[in-house]
Structure formats: C-alpha cells, structure tokens
There are 2 protein chains.
Amino acid sequence: MATLADVASLAGYNKSTVSRALARPEMVAPETLTRILAAADQLGYVLNRTASQLARGRTGLAAFVVPTLENAFFAPIIGGAQARAAESDLHLTVTVASDVTALERLAAQVDGLILAAPRGTDADVTTIGAIKPTVLVDREVPGLPSVVADTATAIGAVVEGLAVRGHRRIAYIGGPPGSWQDPGREAAARNAAARSGAELTVHGPFPATFAAGVAAADEVLATGATAVVPYATALALGLMLTFRGRDVHVPDDIVVSAETTVTHALGAPGIPAIDVDGEGLGRTAMDLLTTTLLTTALLTDPGERRRLPVKVTWSR
Amino acid sequence: MATLADVASLAGYNKSTVSRALARPEMVAPETLTRILAAADQLGYVLNRTASQLARGRTGLAAFVVPTLENAFFAPIIGGAQARAAESDLHLTVTVASDVTALERLAAQVDGLILAAPRGTDADVTTIGAIKPTVLVDREVPGLPSVVADTATAIGAVVEGLAVRGHRRIAYIGGPPGSWQDPGREAAARNAAARSGAELTVHGPFPATFAAGVAAADEVLATGATAVVPYATALALGLMLTFRGRDVHVPDDIVVSAETTVTHALGAPGIPAIDVDGEGLGRTAMDLLTTTLLTTALLTDPGERRRLPVKVTWSR
DNA sequence: TGAGGTCATGCAACCGGTTGCACAACCGGT
DNA sequence: ACCGGTTGTGCAACCGGTTGCATGACCTCA
C-alpha cells in the first residue's frame, strides 16, 4: 500500500503538501496539484482512514442503535440513514443495545449516535447525549435533537374514522414496555374515542412481534371489539392470523389497522392503513446528526425537534 | 479523555507497560497489573481504537453485508454475529449493498466481510474474497468459507410430509431472483414431490416480502394446490392473508408452511413449520471470520464449509 | 525602491497506542 | 562466587496522516 510519503517523494514534494493537495486542492498551486495527482494514481494511493482519523481526532463512525432488529419497522429507517451517511463519508454501524453502560462504551468509539426508539429513562438518554452528539428517532428528550413520526395523530385519525364508520367498540394494542411513543398513541386513541363517542379498550404492553399479536388476540376478542388498532405491523399480522384461526372473519367481523401493503392484501373496503415514511425518518436523523457534528456546540444547542407526518388511508 | 500516558503517569509506569498490562496481563507483574488497573479505572480510561488500529495495522471493523434489511430473516443472524463480534473485540457494521463496486469500496475499509445471501455471480463474490477475508452466509462459492442453513433438505421433508398427509397438488413459491438457495430448494421440492407421487408447481421468482406474497396468491389458487411451500416467512404471511381475502380457508382449504411462531397462530393440526437457527448462522459465520482473520492465509485456505440443520415440525 | 501582503511549500510536532530491543534484577545450579 | 536464563520494565521508533507556524518568492502600491 502506497503512503503519503511515497507519493510525496515520487512527486518531489513534502508529505504535507501532498496531504493538502488531496484534502484541499485549492490550497496548492495548479501545477503542483496535477503532478501530485499523477503520482498518486500512478501509485494507486488510497487514503488510510485510520491514520486520518487519528490525526484529526474523529473516528468517522456513527452508530445507529436499535432496541431490536426483529422489528422490520427499523429497516427502512436504517436504509435512509445509511444512504445519507454514505454521502457525508461516514460509516454507519448498526448496533442492538439497550442498557446504558453498553451505550456509554459504544459512545466512546464513535463520532455520534442515532438512538432509534430508545427505552430507558430521560436521564439515561441525556447521559449518552452528554458524551457524544446524539440524535433521537421516535423519541423526544429535552435538549437533544430528535425526529419522530407523528403516529399518535395518525392513530387518533384512525380511531375517529373507525367510529364514524360505525365501530362502537375499539381496541388499542399497546407497544413494548418502555416505549416512548406508546403513551402518546394511547392518549390520542383515547381522546379520539371520547370525542366520537366510541368505547376504547387498551391492551398491553406487548413487544412488537408476530408472536405477541397471537398472544393478544383472545384478549381482544373477549372485549367484543369490532376494530383493532395495534402498535405495530407485526402485532397486526399476529392478530389477523389468529382471528382467522378462531374463525373470526377479518375484516367482516373485525377490522385491524396496519400498513397499506398489508391492508391491500385483504381486498376489502373500509380498512385503515397507517404508513410511516421510514426512509424519511432515517434521512432526517442523519441530517440532524451531521449538522450537529459540524457545529460541535454539544451542550449549548437546545436540540432541534422535527415531526414527520404519518399518512392515513382507507381502503375501498 | 484519559490516554495511556495519563494512566502511566498516575500509576508510575511507562506507557508501554500500561499497554501491555491492558492487552496482555500475563506479561506484567501481578502487583503492577493491579496498580495499573486501579489507575485506569480511576481515570475512566478507554482504549482509543483508532490509535490502536493504526499501530497494529488493522481496522478492527468487520462488515456484515445484507442484500436488504426488509427481510426480518437477517435480524437474528445479525444478532448472533454481533454477539460474537463483541466477544472478539470487533465492530460489526451492518451494510446494505449489492453491486460489486460498492462492496469493493467497503472491503478496503474493513478487516473482513460477512456476505449474507449475496446475489451476483460467483466471480463477483470471489473478487471480494480476494481483497479481504470473507465469509458467506447462505451461499457457497468455491474457495471461500461459508455457512448455510440446510433449508433445502427441510423443504424436501415438508413436501414429502405434505404428500403423505394426502396433498396431491403442492405449490413451491420461489425466492428473489439471483438467490443462491432457491434452485437447491426448488430441486429438493421437486425430488420430494416426484418421490412421493405428488404434483408440484413452481412459482416465482418473488422478493421475500409480504407484498410479493399477496401478488403470488392468485397464481397459486389457480393451480388448485392444497398446500404451499413459500421461500420466506414474509411471503407466507402475504399468501395467507390474501387467501383469507379470497375466502379461501387456511388451513382447511389450503396449507401454508411457515415458521413455528406463525403456524402456531392458526391453532390447527397438520401444518408444517420450518425453523432456521438464525443466531446460530450468525455466530458460526463470525467464528469462521475470526479464525480466517487469525490465519491470514487468505488464498491458500480452501475455505471451510458448514451446513446447519433446519428443523421441521408439524403442528397438532 | 522598499514596505506590507499574499501565496505556496516545508518543517516538525502532534494524534494515542504498539512492539522490538536493551537492560537490570533476580533465579537456581554448579 | 559465577554464569546462563528468566522476568519485568523502560526506551524509542514506529503506524500514516494533519496542521500551526515559519520561510521565502513574488506582487502591489505608494
């Protein structure tokens, strides 16, 4: 592997000049630049990132932390973040982590963090945020930049729409324990139900998995609900399939909200779909992180908060 | 941030001794070790990986490359790999990538790669393997270490079991174009069908998504099949729910194989379940990678191949 | 023509560990 | 008491870039 010094001696310049030529071409004379570039590609020179990172005190690493990878919800978010990361020349390492100590260890190794739907207390999250620039996804904590999908509003709209369509008894299936989004969604569901005179039962907490949906099904059936609004798609699928096993017809006997791709499959009208722009979340998070990295004002910055709208549609 | 030098001066030793104490405790006197450790944690010292990497000429990074994150199939594999990576003090960066050039760029930045179910030709994969130690998951290519789940055998068993249970017409739903596993699975399904006198129709290719399952449903119904063996769980869910929308009863009218968690939901007997030990795959892959990294014999090593059995169970 | 400026480049000190080698202290055996 | 062999630690040279500062060439304007 060719080094800066190799290129320098071949081109007849000093290491430092070569370094500048490569990093900030406008700082060197045009002729110098062409000579150095020629030498560089003659030798097939590639920047050694490790050395570069050491010298400038940054790792070039950003960590994307999820509480679990089982939930496909995070896939597009990660995809979006990754796409943006590549543009700004960062490596994104995806990590599954929950406890604070693991996060603290991780924080020491990277330039910045994106915490997606972190469990744990505000204090825990703040601790991490104090170590390295941190952006939150689907969670808000005072003083930290964040981007959340406004699913609560969408769920309110869904509950209201269901009531309008004649559903008098609606079940809300809560998300995993510790979920920051859950209380807001539940509240939105409650308000909407109260507003439109429907009765709402709340179930949970449940992890956002297919198996949990299966487990929740009988509890929901017992309430006599004719419509269900689950926290996550995986729950919806578990519910639907189990209803099916119980000979309860979806959506004739009971309606379950899910993503468009899922509700499409049923080919029946009047089913609400909630679609979150995962890639958008990821991209936005990464944008916030890179701007935070540039303005290393760590603690002075109040932390920008963004909310992305969530789309509600009704099949027909 | 405390450095080696800080710890050294606090403990009253030289940098080098501290470095040894931390990296190879058996090389220093016991008392020295305890003093140094005390000083280190009094200062909250953490190794600077970048510096360490530069000095030893390795990046400490391994890349886990998946063709997509939409498929939850990879989640446990990544989890398993990550767990092992942490043990051997490697960072695992999860990356979504498909084209060779992106992989080549990535390969330059890491110590080793795990390619999970890579599409692309054998030559493409070999190219990457020639750059950096590479381990394949769910794919085999001559000369590279790999670990695959023996899903083909499981699928053969499922088809045979279905035939034994009286199904005369069975549909196999193929996986994504370029999938290495697909031909083997299809062949296993064909052989089993032929052996047991059932008729097999093959459909696809389809991406391993819920939406694709939806799209495949009608095609399958048209064949009059009473049992379906899909490539992936997501496909199975799409199929089941769409059958439901078509008023085709699952599993009375048609049986669909899936994972145990899914077939459980139906609460009916005689449904085949195929369960892959994802974490095992991930762990094994990482083990192969670390051994390859130690014996940097890159090209001389023929490449160990491992096959992990896949469990088939029938609900009752 | 000389003072003040700009521009391009070199020098050398970093960044924070790792490691080969030298050296001193101490061991047991003759 | 002497010698070859361990054992534990320090010294200093790396790893491969980055960057503040100094230097000298050249330009401009009074």
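Order of the sequence lines fixes the chain letters, A, B, ..., with proteins taken first and strands second; residue numbering starts at 1 for each chain.
Straight-line distance from the CZ atom of B:Arg20 to the P atom of C:dT18: 11 Å, rounded to whole Å. B:Glu31 has its CD atom 13 Å from the C1' atom of D:dT9, to the nearest Å. In this structure, A:Arg24 atom CZ and C:dT9 atom P are separated by 14 Å, rounded to whole Å. Rounding to whole angstrom units, NZ of residue A:Lys15 and P of C:dG10 are separated by 13 Å. A:Asp6 places its CG atom 9 Å from the P atom of D:dG16, with the value rounded to the nearest Å. Going from atom CZ of B:Arg58 over to atom C1' of C:dT19 covers 15 Å, rounded to whole Å.
Closest to the side chain of B:Asn14, from the set D:dT9, D:dT18, D:dG10, is D:dG10. In the set D:dG17, C:dG17, D:dT19, C:dG17 carries the atom at the smallest distance from any side-chain atom of B:Leu4. For A:Ala55, counting side-chain heavy atoms from C-beta on, the closest listed nucleotide (D:dG16, C:dG10, C:dG17) is D:dG16. Closest to the B:Val28 side chain, of the nucleotides D:dG17, D:dT19, D:dT9, is D:dT9.
Toward the 5' end of DNA chain D, the nearer of the two residues A:Ser19 and B:Met27, judged by each one's closest nucleotide, is B:Met27. Judged by closest nucleotide on DNA chain C, B:Leu54 is the one of B:Thr17 and B:Leu54 placed further toward the 5' end.
If you check every strand for non-hydrogen atoms under 4.0 Å, A:Ser52 touches sugar and phosphate atoms only. Counting any heavy atom pair closer than 4.0 Å across all strands shown, B:Ser16 reaches a base atom. The residue B:Arg49 sits apart from the nucleic acid: no heavy atom pair falls under 4.0 Å.
A donor-acceptor pair is defined here as one N or O able to donate and one able to accept, closer than 3.5 Å; such a pair exists between the side chain of B:Thr59 and the backbone of B:Asp111. A:Asp124 places a side-chain N or O within donor-acceptor distance of the main-chain N or O of A:Thr121, the cut-off being under 3.5 Å.
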Short N/O separations, protein against nucleotides 25-27 of chain C, under 3.5 angstrom:
none

Side-chain polar contacts of residues 137-144 of chain B - donor-acceptor pairs under 3.5 angstrom, sequence neighbours left out - could you list them?
from, atom 1, to, atom 2, distance (Å)
B:Asp138, OD1, B:Ala149, N, 3.0
B:Asp138, OD1, B:Gln181, NE2, 2.9
B:Arg139, NH1, B:Pro118, O, 2.8
B:Arg139, NH1, B:Gly120, O, 2.8
B:Arg139, NH2, B:Gly120, O, 3.0
B:Arg139, NH2, B:Asp122, OD1, 2.7
B:Glu140, OE1, B:Arg305, NH1, 3.3
B:Glu140, OE1, B:Arg307, NH2, 3.1
B:Glu140, OE2, B:Arg307, NE, 3.4
B:Glu140, OE2, B:Arg307, NH2, 3.4

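Applying the Watson-Crick and G-U wobble criteria (two distances, each under 3.5 Å), C:dT30 pairs with D:dA1.
Screening residues 276-290 of chain B for side-chain hydrogen bond (donor to acceptor under 3.5 Å, both in side chains) gives B:Arg84-B:Asp287 as the qualifying pairs, with residues at least two apart or on separate chains.
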